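Below is one structure, written out as structure tokens; comments come after it.
We use all heavy atoms of the structure for the numbers below, so side chains are in, but hydrogens, waters and symmetry mates are not. All figures in this text were calculated on a predicted structure; none of them were measured in a lab. When a residue number appears, it is its place in the shown sequence, counting from 1.
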Amino acid sequence: MLTKILAIIVFIIAFAALICIHEAGHFSMAKLFKVYCKEFSIGFGPAIYSKKKKGHETKFSLRWIPLGGYVAMYGEDTEDDDEFKDLPKERSLEHIKKWKKAIVVSAGVILNALLALILIGISNICFRVTYVTRQAVVAENSLIAETG
């Protein structure tokens, strides 16, 4: 029973790390292209923890349901929000160049793929696999070759 609980906890932590990496990809590229990011959240539902540092525009949140996450960006939703009314349109996801928008949107998947490649590389370096076969190499002039 304890091993099942431990396995569930490890799965949730690993999944949360995967979500973090994914959302960090979107967030970092949005910030690089100066898109306004209202919130960076891991999980859904009510917030367990939220913090907005003084002088920063983004609120960071940890929420109760660890099955996803999001980065709330200006221009992502079609509805007008009063919080965004004073921001210039250039800070909107809708108003940056299309190639920049493509990078912001795809950055999460790209970081997940890079993480997978890094973990596969580490696994191959740290955990060497040796394959055992039932075949033996026998020299032609050996005693076994003469009796067989």
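For Arg63 against Phe44, the heavy-atom pair with the smallest separation is CB-O, 3.3 Å. Taking each heavy atom of Val104 and His26 in turn, the nearest pair found is O-ND1, 2.8 Å. Across every non-hydrogen atom of Cys37 and Val71, the tightest pair is SG-CG1, 4.0 Å. Taking every heavy atom of both residues into account, Gly25 and Ala107 meet most closely at O-CB, 3.2 Å. Considering every non-hydrogen atom in both Glu57 and Lys52, the closest pair reads O-CE, 3.5 Å.
Salt-bridge formation is not detected for the pair Glu76/Lys38: no Lys NZ or Arg NE/NH1/NH2 atom is positioned less than 4.0 Å from an Asp or Glu carboxylate oxygen.
Between Phe33 and Glu90 the shortest side-chain heavy-atom distance does not fall below 4.5 Å.
The distance from the OH atom of Tyr49 to the OG atom of Ser41 is 13.0 Å, given to the nearest 0.5 Å. Here the CD atom belonging to Glu23 is positioned 11.0 Å from the OG atom belonging to Ser28, to the nearest 0.5 angstrom.
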Identify each donor-acceptor pair in which a side-chain atom of residues 111-119 lies under 3.5 Å from a protein atom, sequence neighbours left out, and give them as a table.
from, atom 1, to, atom 2, distance (Å)
Asn112, OD1, His22, ND1, 2.8
Asn112, ND2, Leu18, O, 3.4

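Legend: residues meeting ring-ring contact (aromatic ring centres under 6.0 Å, His included) with Tyr36, ordered by chain and number and at least two apart, are Phe84.
In terms of modelled atom types and a separation under 3.5 Å, the side chain of Ser61 and the main chain of Ala47 share no donor-acceptor contact.
By the criterion of side-chain heavy atoms lying less than 4.5 angstrom apart, applied directly or through intervening Ile, Leu, Val, Met, Phe, Trp or Tyr residues, Met73 is grouped together with Tyr70 in one hydrophobic cluster. In the hydrophobic clustering of ILVMFWY residues, with side-chain heavy atoms under 4.5 Å counting as a link, Phe60 and Met29 come out together. Leu62 and Leu67 fall within a single hydrophobic cluster, where Ile, Leu, Val, Met, Phe, Trp and Tyr are joined by side-chain heavy atoms under 4.5 Å apart, directly or via other members. Ile13 and Ile65 fall into different hydrophobic clusters, where Ile, Leu, Val, Met, Phe, Trp and Tyr are joined by side-chain heavy atoms under 4.5 Å apart, directly or via other members. The hydrophobic cluster containing Phe27 also contains Leu93, counting ILVMFWY residues as joined when their side-chain heavy atoms lie under 4.5 angstrom apart, directly or transitively.
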